[in-house]
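Notes follow the structure.
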Amino acid sequence: MIKVTPSPFTNGKITIPGNQPNVMYLYNEVLAVAKKEKTGGIFRTDVIEISTSLKSQEDNILNKLKEIGANFKFEKK
């Protein structure tokens with residue numbers, strides 16, 4: 001019997017619309033969590049895109065976005 005260990009690596013993309021009046025300091029909050037998770041992103045005036053490579057990064061970023069009440073779209077490649 002072969003034991004399969006789930007991979008800690010993922011290739012996800014999180015897209016966050018920039019205009020969200022219900023979230024104060026959206027860019028600051030997202031930038032802080034991206035820096036903390038040591039991941040890259042594209043910060044434009046209309047949208048923020050964050051790429052993740054580890055499952056833990058993905059989980060932490062998604063949890064933070066839910067916590068601040070941000071709307072976002074998550075895609076797993």
Side-chain angles (χ1 to χ4, degrees):
M1 185 164 141
I2 298 174
K3 183 178 179 182
V4 178
T5 306
S7 174
F9 298 102
T10 182
N11 193 10
K13 178 179 160 187
I14 303 167
T15 306
I16 308 154
N19 187 14
Q20 296 190 31
N22 60 328
V23 182
M24 292 191 62
Y25 308 113
L26 175 69
Y27 285 87
N28 294 346
E29 295 278 352
V30 174
L31 181 60
V33 74
K35 280 183 178 180
K36 181 180 176 189
E37 295 301 321
K38 297 181 175 107
T39 187
I42 300 171
F43 290 76
R44 291 183 267 160
T45 56
D46 59 339
V47 70
I48 303 169
E49 294 177 352
I50 299 176
S51 299
T52 60
S53 58
L54 295 172
K55 182 74 175 138
S56 60
Q57 289 175 330
E58 198 174 276
D59 292 340
N60 292 337
I61 293 169
L62 293 175
N63 288 338
K64 180 63 175 182
L65 291 173
K66 289 175 188 173
E67 179 184 310
I68 64 173
N71 297 322
F72 60 90
K73 184 173 104 176
F74 174 65
E75 298 174 39
K76 214 168 209 181
K77 296 179 184 177

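Everything numeric here is computed off the predicted structure, so don't read it as measured data.
Between Lys64 and Glu37 there is no salt bridge, since no side-chain N of the basic residue sits under 4.0 Å from a carboxylate O of the acidic one.
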- Message: Run Lys13 and Thr15 through side-chain contact (heavy atoms from CB on, under 4.5 Å) and show every step you take.
- Response: CA-CA 7 Å; Lys13 178 179 160 187; Thr15 306; 3.7 Å; yes
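Side-chain contact between Met24 and Leu26: absent, with no pair of heavy atoms (C-beta onward) separated by less than 4.5 Å. In this structure the side chain of Lys66 reaches within 4.5 angstrom of the side chain of Phe72, judged on heavy atoms.
The side-chain hydrogen bond (donor to acceptor under 3.5 Å, both in side chains) check on Asn11 picks up nothing, with sequence neighbours excluded.
In terms of modelled atom types and a separation under 3.5 Å, the side chain of Glu75 and the main chain of Ile14 share no donor-acceptor contact. Looking at Glu58, its side chain never comes within 3.5 Å of a backbone N or O of Leu54 through a donor-acceptor pair.
The CD1 atom of Ile16 lies 9.0 Å from the OH atom of Tyr27; values are rounded to the nearest 0.5 Å. For the atom pair NZ (Lys36) and CD1 (Ile61), the distance works out to 10.5 Å, reported to the nearest 0.5 Å.
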Which donor-acceptor pairs under 3.5 Å do the side chains of residues 38-50 make with protein atoms, sequence neighbours left out?
| residue | atom | partner | partner atom | Å |
| --- | --- | --- | --- | --- |
| Thr39 | OG1 | Ser51 | O | 2.2 |
| Arg44 | NH2 | Glu49 | OE2 | 3.2 |

